[in-house]
2 protein chains.
Amino acid sequence: MAVTMNDVARAAGVSLKTVSNVLNDYEFIRPATKQRVQDAIAELGYEANLTARSLRSGKTSMLGLVLSDLSAPYYAELASKLMKAAAQRGYRVLVEQSDAEGSAELNALQGPFRQLTDGLLFTPLAIDADAVASRAGKKPLVMLGEHILDPRFDLVTMKNEEAAAAVTAHLLGSGRRRIAVVGASPGESAGSAGLRLNGYRRALEEAGVPFDPALIAPAEWRRDTGAAAVAGLIEKGVRFDAVFGLNDVLALGAMHQLLIRGIKVPQDVAVAGFDDIDEARFASPSLTTISPGMDEIAERSIALLLDRISGRESAGQGLHVEAGFKLKVRESAP
Amino acid sequence: MAVTMNDVARAAGVSLKTVSNVLNDYEFIRPATKQRVQDAIAELGYEANLTARSLRSGKTSMLGLVLSDLSAPYYAELASKLMKAAAQRGYRVLVEQSDAEGSAELNALQGPFRQLTDGLLFTPLAIDADAVASRAGKKPLVMLGEHILDPRFDLVTMKNEEAAAAVTAHLLGSGRRRIAVVGASPGESAGSAGLRLNGYRRALEEAGVPFDPALIAPAEWRRDTGAAAVAGLIEKGVRFDAVFGLNDVLALGAMHQLLIRGIKVPQDVAVAGFDDIDEARFASPSLTTISPGMDEIAERSIALLLDRISGRESAGQGLHVEAGFKLKVRESAP
DNA sequence: GTTCCGGGATACATCGTTGCAGAAGATGGC
DNA sequence: GCCATCTTCTGCAACGATGTATCCCGGAAC
């Protein structure tokens, strides 16, 4: 059996509660007593039982992170950073993959997963604000990403629209006029896809370039679908001189498809993405993209969530945080 | 306050323990009683308190996964699959990043992290078998990867040596004679790097091609280091007609470096990797690599760990599982 | 010398489950 | 008609910590 607080108390010749007090930095303890307890702890190799502590205190020191798929590079990098930011503050992150399915998202919101965590970082992809609101319960919840832009919720996000406009403007600036968009999500307007598409349109407008719906290719956000979308455009006979992948893996999939068809990047078609995953720098040609300030997103979303948990930041309206971004110009669209 | 078993008991007109029995599928309960309890549960929206259950039962239904860095594509994909495999069996996975640092690995082995989990999937990179053995405690532990090949531990791994020999043989078969190896880890012999290097040497021997230590470039397993290692070789004036990256990101970093220097892949230098991450298929040129049967690794390591936890597989010797592999021939080394 | 105050420690109940032991009623064998 | 066995259900203790209330004691105040 593991050594408990009781064992420590006995060894130190104090009461169980005094041991607890030492561990919780209770103010009024004689230094000598404190020392004796700490010696006993060291000698017995005592470790607090987190489960018992959780039961009693109602806190788990774990944060939940709900995302569609951890194997997507953007989410993998984000998760890694979130875990590090949380660890620095004494929290652990429990990840749940939703596969972008509504049922999984709802489960994460209500089920045992929620119970295990003190607060949630949530990237809803399938369900809407009302669904979230009606089942969110009262533990703190911070939205990550953009599918839900709602005053009821805290949200940490990036400047999707502005950044997408900046990439588009860059492509236009290098003389491209027919810029295909890969990764649109028909019918959706508030999500990342919608916002980035808005940015694209805004940049076109500002440059006085007409918008052509034929250039917009829907696709899930993966490499293979990005490749397939470009293939589809080509086969339909749509002509374009640039591709804007709404995220990097789409852009990379698209670029791959162009290259195997003998289309030169960037000479024939320029390619740009969004996310600046590590892979973008090392692709051939390297990928022009938007660096969305992921460090800032990770830091600030953890900070905000912990503020909510501790009650430092008291509710009322949802807080909206937007991280800055940088355009990274590389070979695929100089 | 959340609804507890006691509330359910009262609502159903039975004792608290009967509710517990219903939840735990106790055999001897009258169907009518069971129904009443289940109705009460549904009506009140009762959810079992996992923390309390853990405290009482000593099980957490969580598995620990220790790896160096979740943002590395291989680990991200593996973690994703492990989580899915675990979820199917009613377990959750808690991930801990070690950054390949010994202190972090030791903490994961003993500290609170261990307490929170019923068993551990462990990829030790910095510490050795004895260090693990002396602090492993008695909860089940399954090694993942190869740094520790020790009869005391269970191990799920891939055929590193054989597979590396197969890639090397493939490169030799296409006429390459000076195959640089990127990602070696000097002094280490039992780890993945060492085993893969062994495979490389074995294939050379079998083909009667002399081994040239100048071709072996040490590097950490990242894209940037892979690129730097190739740059180093070139600058030292080492000549080579192929590069074997000990994993895919190394190979991709290396390939990037070659291409920006105007060296044609595969015409001038062929490139091959190891892991078959999704990115390999979509690189330009696409990357020849080893598919290590990650699905099998994920499935079998979860299965083995759960067998150990349940006691179905009783200890004694460590079990060693080797997943199969496939050579994926693509453009970078046809 | 009694009262008051606050530092320093303690006892007890409690968080929400599950394990163990046992009670009560039904069933069956002889 | 009685003991043995099985089914069904119950009560109590326990898991290991923390919150609340309380107690004791030395010194200050009157």
Side-chain angles (χ1 to χ4, degrees), chain A residues 1-41 44-62 90 111-112 114-118 139, chain B residues 1-41 44-62 90 111-112 114-118 139 310-311:
Chain A
M1 218 49 276
V3 31
T4 84
M5 248 165 132
N6 231 319
D7 302 329
V8 175
R10 212 168 310 133
V14 296
S15 79
L16 190 164
K17 187 70 231 263
T18 299
V19 179
S20 169
N21 285 337
V22 170
L23 259 57
N24 293 285
D25 289 320
Y26 179 66
E27 195 178 359
F28 302 118
I29 304 179
R30 216 173 317 168
T33 311
K34 189 167 181 173
Q35 191 57 53
R36 240 175 332 132
V37 170
Q38 285 170 334
D39 290 350
I41 289 177
L44 298 179
Y46 167 77
E47 275 187 3
N49 180 316
L50 299 182
T51 307
R53 180 174 287 173
S54 286
L55 176 58
R56 189 62 245 240
S57 69
K59 312 234 142 202
T60 64
S61 292
M62 289 209 278
R114 197 72 195 283
Q115 245 189 58
L116 289 169
T117 56
D118 293 339
K139 282 194 191 173
Chain B
M1 220 50 272
V3 30
T4 83
M5 251 166 129
N6 230 320
D7 303 329
V8 175
R10 212 169 309 136
V14 297
S15 79
L16 189 164
K17 186 68 232 249
T18 298
V19 179
S20 169
N21 285 337
V22 169
L23 260 58
N24 292 286
D25 289 319
Y26 179 65
E27 194 178 358
F28 301 116
I29 304 180
R30 216 174 315 169
T33 312
K34 189 168 181 174
Q35 191 57 52
R36 242 177 330 134
V37 170
Q38 286 169 335
D39 290 349
I41 288 176
L44 299 178
Y46 167 77
E47 275 188 1
N49 180 315
L50 299 182
T51 306
R53 180 174 287 174
S54 285
L55 176 58
R56 187 61 245 238
S57 69
K59 312 234 144 205
T60 64
S61 292
M62 290 207 278
R114 198 69 196 284
Q115 245 189 57
L116 288 169
T117 57
D118 293 340
K139 284 194 188 173
S310 69

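We name chains A, B, ... by the order of the sequence lines, and we start the count at 1 in each one.
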- Query: For dG16(D), does either OP1 or OP2 sit under 4.0 Å from a side-chain N or O belonging to Arg56(A)?
  - Reply: no
- Query: Should Ser20(A) be listed as having a side-chain N or O under 4.0 Å from OP1 or OP2 of dA17(D)?
  - Reply: no
- Would you say a side-chain N or O of Thr51(A) is under 4.0 Å from OP1 or OP2 of dG16(D)? no
- Query: More than 12 non-hydrogen atoms from neighbouring residues, nucleotides or ligands closer than 6.0 Å to NZ on Lys139(B), yes or no?
  - Reply: yes
- Given atom NZ of Lys59(B) and atom P of dC15(D), what is their separation to the nearest angstrom? 17 Å
- Message: Between Asn49(B) and Lys17(B), which residue's closest nucleotide on DNA chain C lies nearer the 5′ terminus?
- Response: Asn49(B)
- Query: Does Tyr26(B) make a side-chain N or O approach to OP1 or OP2 of dC20(C) shorter than 4.0 Å?
  - Reply: no
- Task: Nearest-nucleotide wise, let me know which of Val14(B) and Asn6(A) is further upstream toward the 5' end of DNA chain D.
- Result: Val14(B)
- Query: Are Asn24(A) and dT18(D) close enough that a side-chain N or O sits under 4.0 Å from OP1 or OP2?
  - Reply: yes
- Query: dG16(D) phosphate, OP1 or OP2: any side-chain N/O from Thr4(A) under 4.0 angstrom?
  - Reply: no
- Query: With respect to the phosphate group of dG19(D), does any side-chain polar atom (N or O) of Ser57(A) fall under 4.0 Å of OP1 or OP2?
  - Reply: no
- Message: When you measure from the side-chain N and O atoms of Thr18(B) to the phosphate of dC9(D), is any distance below 4.0 Å, counting only OP1 and OP2?
- Response: no
- Would you tell me whether Ser54(B) and Thr51(B) have side-chain atoms, one donor and one acceptor, within less than 3.5 Å of each other? no
- Message: Under 4.0 Å from OP1 or OP2 of dA9(C): is there any side-chain N or O of Arg30(A) that close?
- Response: yes
- Of the nucleotides dA17(D), dA9(C), dT18(C), which one has an atom closest to the side chain of Met5(B)? dT18(C)
- Query: If only atom types and distance count, is the side chain of Gln115(A) paired as donor or acceptor with the main-chain N or O of Ala48(B) below 3.5 Å?
  - Reply: yes
